[in-house]
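This report refers to the structure that appears directly beneath it.
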Amino acid sequence: MRKRKLLFLLPLASLLTSCSGEELGLTSESFTSKLIPNWPSFVTQLAALVVLIIVVIVFAYKPVKKILKKRQDHIEENIKEAEKSKLVWQENELKSKETVLASERTAADIVAEAKKAAEKEKAAILETTQLEVNKMKSDAENDIARMEIEAQEQIKKEIVSVALDASKELLGREVSSKDNVRLVEDFIEEVKKN
């Protein structure tokens with residue numbers, strides 16, 4: 001709407017400011033008459049100039065100024081938002097770096113705890129194994145000692161049996177249990193000495 005008004009007023013302003021051929025110096029008037037302006041024409045042209053200036057101010061300058069002001073405000077607002085976004089981004093970056101560092105520390109702690117737990121479990125397993133080995137060794141030693149005692153008892157019985165048989169044949173008679181015990185003990189002492 002404003003543009004239509006402006007387009008309508010421009011030809012009117014140009015009609016008001018137009019000069020005739022005589023005023024431009026196309027006639028042969030005297031030099032002094034050219035220096036002194038034609039007052040009605042001068043006032044008309046001055047009024048047209050003032051109207052033109054008012055029209056330009058009202059329809060061109062003020063709207064353009066408003067548009068430029070809006071654009072300037074929009075740009076400043078965008079700059080402020082960009083600065084705020086940059087600050088938020090920097091804060092988020094610092095937070096993410098802190099989170100990463102905390103995660104790395106947590107991971108290192110978990111690994112250290114896992115190593116400690118593994119070392120404790122290893123020590124417990126080694127201790128349990130050592131106890132089992134010692135028990136098995138002790139049981140084996142006890143079994144060996146028991147078997148040795150049993151073997152000695154078995155040998156004693158066989159020796160006694162052989163000695164009784166030998167003494168029966170040598171003596172040609174039955175040996176009493178007292179004689180039998182004495183002979184066995186003598187024989188065992190003799191064997192232990194050798």
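Only a predicted model underlies this, so the values are computations on that prediction, with no experimental measurement involved.
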- Message: Grouping I, L, V, M, F, W and Y whenever their side-chain heavy atoms are under 4.5 Å apart, do Ile53 and Tyr61 come out in a common cluster?
- Response: no
- Query: Going only through I, L, V, M, F, W and Y residues with side-chain contacts under 4.5 Å, is there a path from Val50 to Val58?
  - Reply: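 The answer is yes; both residues are in one hydrophobic cluster.
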Drop me the distance from [X]'s [atom1] to [Y]'s [atom2], to the nearest 0.5 angstrom.
X      : Y      : atom1 : atom2 : value
Asp139 : Arg146 : CG    : CZ    : 10.5 Å
Met136 : Asn134 : CE    : CG    : 11.0 Å
Glu81  : His74  : CD    : NE2   : 8.5 Å
Leu94  : Thr99  : CG    : OG1   : 10.5 Å
Ser85  : Asn78  : OG    : CG    : 10.0 Å
Leu52  : Gln45  : CG    : CD    : 12.5 Å

- Flag the pair Glu141 / Lys137 as yes when at least one side-chain heavy-atom distance between them is below 4.5 Å, and no otherwise. yes
- Taking side chain as C-beta onward, heavy atoms only, is Glu93 less than 4.5 Å from Lys97? yes
- Non-neighbouring partners of Lys69 that pass salt bridge (charged side-chain N to carboxylate O under 4.0 Å, His left out), sequence neighbours left out: Asp73
- Task: Kindly write out the residues that satisfy side chain to side chain contact (heavy atoms under 4.5 Å, CB included) with Leu68, not counting sequence neighbours, or none if the list is empty.
- Result: Val64
- Note: Glu76-Lys80 ion pair, threshold 4.0 Å (strictly below):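 Looking at Glu76 and Lys80, the cut-off is not met.
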